[in-house]
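Report on the following structure.
Letters A, B, ... are given to chains in the order of the sequence lines, protein chains preceding strands, and every chain is numbered from 1.
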Amino acid sequence: EAQVTQNPRYLITVTGKKLTVTCSQNMNHEYMSWYRQDPGLGLRQIYYSMNVEVTDKGDVPEGYKVSRKEKRNFPLILESPSPNQTSLYFCASSLSVQGHQPQHFGDGTRLSIL
Amino acid sequence: AQKVTQAQTEISVVEKEDVTLDCVYETRDTTYYLFWYKQPPSGELVFLIRRNSFDEQNEISGRYSWNFQKSTSSFNFTITASQVVDSAVYFCALSEATGANNLFFGTGTRLTVIP
């Protein structure tokens, strides 16, 4: 089954404790992206990647890191989480940048930073 | 700069009523793409439609229809004969051809269909 898989789905942690949210897609997609969803703000892009070893900042990259060492994986790293990073996070992928194909989203990761 | 506005924060309708969700966008690109996504109470994001800026034909898919008007920079979504299963948050989004495949989302409209 074609899918984007995020782990964990839920996490409660404390300020300053490094965490990683994994994202994996099995569709051989070139493009991957991370968004965060906050009430009243919709979804905002954090980082994106157009291919292996190619990453770039989105609209709200502060406090986050990403890597794209393999085509299928695009982990989101919070080196020193803070309460303002409490949010619902979505990973997404699409076949390519060409033609702006629809993005397939994972089921989301709800992070609570205390 | 790009922007997507969904002015309706919440809408409630009674089952079988028709409902239109508004979306107004701003972009300087002449080539762009518009999307609608559905987020049901379970939380996942479901792709509904993609439309490019050169195709102003309206589209119908079952009870769903979309009205794209470049003259008013709008891409409205109508649900005919609404059902309880249509209850969800609906997001309109824009992607510009000059950028990567990055989506700019509106703030969403929460639709509640009352049985």
Given the rule that I, L, V, M, F, W and Y join up when any side-chain heavy atoms are under 4.5 Å apart, are [X] and [Y] in one cluster?
X        : Y       : result
B:Val13  : B:Tyr64 : yes
B:Val4   : B:Val24 : no
A:Leu111 : A:Tyr64 : yes
B:Ile49  : B:Leu34 : yes
A:Tyr35  : B:Tyr25 : no

Crowded around [X] [atom1]? As in, over 12 foreign heavy atoms under 6.0 Å?
X        : atom1 : result
A:Leu114 : CG    : yes
B:Lys70  : NZ    : yes
B:Arg110 : CZ    : no
A:Arg44  : CZ    : yes
A:Glu53  : CD    : yes

Which atoms of B:Gln6 are under 4.5 Å from chain A, going by heavy atoms: the side chain, the backbone, both sets, or neither? neither

Where on B:Leu103 is there a heavy atom nearer than 4.5 Å to chain A: the side chain, the backbone, both, or neither? both

Residues of residues 84-95 of chain B near chain A, each having a heavy atom less than 4.5 Å away: B:Phe91, B:Ser95

If you measure from CG on B:Asn102 to CE on A:Met50, what distance do you get to the nearest 0.5 Å? 8.0 Å

Would A:Phe105 and B:Tyr37 count as a close aromatic pair, with their ring centres under 6.0 Å? yes

Residue pair B:Phe47 / A:Gln101, side-chain heavy-atom distance below 4.5 Å: no

Within-4.5 Å side-chain heavy-atom neighbours: B:Phe104 and A:Asp59: yes

If you look at every heavy atom in A:Leu43 and B:Leu45, which pair is closest and at what distance? CD2-CD1, 3.5 Å

Structural part of A:Gln103 lying under 4.5 Å from a heavy atom of chain B: both

